[in-house]
There are 2 protein chains.
Amino acid sequence: MKKKIKYNVSFRIWFYAGENKFLGIGRVELLERIIKTGSIANAAKEMKMSYRQAWQMVAEMNARSNSPLVEKQLGGKSGGGAIVTKAGFQAIETFQTLENKVRIFIENETNKLTM
Amino acid sequence: MKKKIKYNVSFRIWFYAGENKFLGIGRVELLERIIKTGSIANAAKEMKMSYRQAWQMVAEMNARSNSPLVEKQLGGKSGGGAIVTKAGFQAIETFQTLENKVRIFIENETNKLTM
DNA sequence: TAACGATATGTTTGTAAATGAATAACGACA
DNA sequence: TGTCGTTATTCATTTACAAACATATCGTTA
């Protein structure tokens with residue numbers, strides 16, 4: 001009997017600021033972990049990425065948005081940390097809302113397919 | 001006056017065969033150029049990619065689809081070439097149709113956004 | 001004011017991926 | 001039956017990217 005492969009569709013979306021990538025699912029996840037852990041360093045550790053890369057992502061996001069998504073918090077007993085701004089929360093929300101809508105749309109369209 | 005960045009949304013979709021990537025925009029473009037030029041070698045040249053990479057993409061596509069999307073055509077005055085099968089044409093069509101629908105959907109949703 | 005752990009940044013190291021060269025095999029056609 | 005320019009495949013080399021390391025700087029708190 002002939003093999004019959006089950007196909008499925010995946011997708012990704014990105015927000016661009018002009019020509020520059022501004023926000024994708026990876027950066028959204030990073031923002032969420034900064035919220036959860038209180039610092040870029042710990043967020044990076046959770047995601048098993050280098051602090052350097054995480055920091056660069058944050059720096060790019062901040063540079064390419066109208067107002068910073070993350071603000072540093074130096075000093076203090078714990079040595080400091082980073083906080084996600086209101087603009088950051090809004091960016092997460094906007095991204096995830098659109099992503100969910102696209103997911104549902106693609107699921108509906110894919111069900112119509114006969115491959 | 002404050003800078004005001006214009007944001008826009010980009011996206012990509014992929015067809016998967018189980019866990020394996022099967023078709024994306026790059027491979028669709030490769031298929032189109034194989035149709036246009038009549039060979040993998042010339043298609044690769046047009047896309048400025050190595051023949052090796054192009055050939056591997058074709059091999060993967062063929063291995064992961066129910067029936068081959070590309071068939072070799074050895075011999076002849078021109079030395080041979082490659083042809084895209086009916087299944088290949090259908091795959092291109094299916095991919096582009098879905099991609100266009102998603103594009104329109106995202107455009108409509110993005111117009112609602114105020115970032 | 002000393003200490004802490006985070007941010008911020010340059011430099012080096014290591015590794016995976018892409019490239020290029022080189023070559024064998026193929027088979028219709030003239 | 002010789003010719004042609006493909007397909008198909010290998011191997012060494014280069015390139016690009018990510019990780020690792022090192023270190024300066026910061027500012028609140030005890």
Side-chain angles (χ1 to χ4, degrees), chain A residues 12 14 19-65 67-85 87-88, chain B residues 12 14 19-65 67-85 87-88:
Chain A
R12 289 195 65 174
W14 296 271
E19 296 296 306
N20 301 119
K21 193 174 294 185
F22 165 57
L23 201 66
I25 185 67
R27 291 180 181 185
V28 167
E29 189 181 341
L30 179 61
L31 289 177
E32 288 177 320
R33 289 182 191 265
I34 291 171
I35 294 169
K36 181 182 157 199
T37 64
S39 76
I40 297 175
N42 283 330
K45 207 169 295 176
E46 275 200 5
M47 293 181 72
K48 294 184 201 297
M49 70 167 65
S50 63
Y51 169 79
R52 181 185 174 75
Q53 186 181 24
W55 178 85
Q56 282 176 331
M57 288 169 113
V58 169
E60 274 195 9
M61 280 190 271
N62 281 347
R64 291 171 182 175
S65 71
S67 58
L69 307 191
V70 176
E71 276 172 358
K72 65 179 158 185
Q73 207 73 18
L74 289 177
K77 167 165 55 179
S78 68
I83 62 166
V84 173
T85 65
Chain B
R12 289 195 65 175
W14 295 272
E19 295 297 306
N20 301 119
K21 193 174 293 186
F22 165 58
L23 202 66
I25 185 67
R27 291 180 181 185
V28 168
E29 189 181 340
L30 180 61
L31 289 177
E32 288 177 320
R33 289 182 191 266
I34 291 173
I35 294 170
K36 182 182 157 200
T37 64
S39 75
I40 297 174
N42 284 329
K45 208 170 290 174
E46 275 199 7
M47 292 181 72
K48 294 185 202 298
M49 67 167 66
S50 63
Y51 169 79
R52 178 188 172 72
Q53 187 180 27
W55 179 86
Q56 282 176 333
M57 287 168 113
V58 169
E60 273 196 9
M61 280 191 274
N62 281 347
R64 293 173 181 173
S65 70
S67 59
L69 307 190
V70 176
E71 275 171 0
K72 64 179 159 184
Q73 206 73 18
L74 288 178
K77 167 164 59 177
S78 68
I83 62 166
V84 173
T85 64

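Everything numeric here is computed off the predicted structure, so don't read it as measured data. Each chain gets a letter, A, B and so on, in the order the sequences are listed, and its residues count up from 1.
- Here the closest heavy-atom approach between residue B:Met47 and residue B:Leu30 is recorded as SD-CA, 3.7 Å.
- As rounded to whole Å, 17 Å separates atom C1' of D:dA8 from atom CE of B:Met57.
- Distance check: A:Leu69 CG to A:Phe22 CZ gives 4.5 Å after rounding to the nearest 0.5 Å.
- B:Ala82 comes within 4.0 angstrom of sugar-phosphate atoms only, judged by non-hydrogen atoms across all strands, and of no base.
- For the pair B:Tyr51 OH and C:dA18 P, the interatomic distance rounds to 17 Å; values are reported in whole Å.
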Check nucleotides 10-15 of chain C against the protein and report each pair of N or O atoms closer than 3.5 Å, with its distance, or say if there are none.
| from | atom 1 | to | atom 2 | distance (Å) |
| --- | --- | --- | --- | --- |
| C:dG10 | N7 | A:Arg52 | NH1 | 2.7 |
| C:dG10 | O6 | A:Arg52 | NH1 | 3.1 |

Side-chain donor-acceptor contacts of residues 53-61 of chain B below 3.5 Å, not counting sequence neighbours, with atom names and distances?
| from | atom 1 | to | atom 2 | distance (Å) |
| --- | --- | --- | --- | --- |
| B:Glu60 | OE1 | B:Arg27 | NH2 | 2.7 |
| B:Glu60 | OE1 | B:Arg64 | NH1 | 3.2 |

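- With values rounded to the nearest 0.5 angstrom, B:Ile25 atom CD1 is found 11.0 Å from B:Trp14 atom CH2.
- Across all strands, B:Gln73 comes closer than 4.0 Å to no nucleic acid atom at all (heavy-atom distances).
- If you measure from atom CE of B:Met47 to atom P of C:dA18, you get 13 Å, rounded to the nearest angstrom.
- Taking five base pairs at each end of the helix from C:dT1-D:dA30 to C:dA30-D:dT1 and finding the rotation axis that steps the C1' atoms of four pairs onto the next four gives two axes whose angle is 0°, to the nearest 10°.
- Separation of atoms CG (B:Leu31) and CG (B:Leu23) is listed at 6.5 Å; rounding is to 0.5 Å.
- Here the C1' atom of nucleotide C:dT7 and the CG atom of A:Asn42 are 13 Å apart, to the nearest Å.
- Whole-Å rounding puts the A:Met61 CE to C:dA8 P distance at 13 Å.
- No salt bridge links B:Glu32 with B:Lys36; every basic N to acidic carboxylate O contact stays at or beyond 4.0 Å.
- Residue B:Ala82 comes nearest to B:Val70 through the heavy atom pair CB-CG1, 3.8 Å, listed as atom of the first residue, atom of the second, then distance.
- Rounded to an integer number of Å, the gap from CD of A:Glu71 to P of C:dA6 is 19 Å.
- For A:Trp55, no side-chain nitrogen or oxygen approaches OP1 or OP2 of C:dT7 to under 4.0 Å.
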Tell me, with the steps shown, if B:Arg33 and B:Glu46 meet side chain to side chain contact (heavy atoms under 4.5 Å, CB included).
-> CA-CA 8 Å; B:Arg33 289 182 191 266; B:Glu46 275 199 7; 2.5 Å; yes

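- Each of B:Ser39 and A:Met49 was assigned the nucleotide of DNA chain D with the nearest heavy atom; the assignment lying further toward the 5' end belongs to B:Ser39.
- Rounded to whole angstrom, the span from the CD1 atom of A:Ile34 across to the P atom of C:dA6 amounts to 13 Å.
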Below 3.5 Å is the cut-off: list the nitrogen or oxygen pairs between protein and nucleotides 25-28 of chain D, distance only.
| from | atom 1 | to | atom 2 | distance (Å) |
| --- | --- | --- | --- | --- |
| D:dT28 | O4' | A:Gly76 | N | 3.1 |
| D:dT28 | O2 | A:Gly76 | N | 3.1 |

Less than 3.5 Å apart, which donor and acceptor atoms pair up between the side chains of residues 38-45 of chain B and the rest of the protein, not counting sequence neighbours?
| from | atom 1 | to | atom 2 | distance (Å) |
| --- | --- | --- | --- | --- |
| B:Ser39 | OG | B:Asn42 | N | 3.0 |
| B:Ser39 | OG | B:Asn42 | ND2 | 3.3 |

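- Residues passing the side-chain hydrogen bond (donor to acceptor under 3.5 Å, both in side chains) test with A:Gln73, sequence neighbours excluded: none.
- Going from atom CD of A:Gln56 over to atom P of D:dA20 covers 15 Å, rounded to whole Å.
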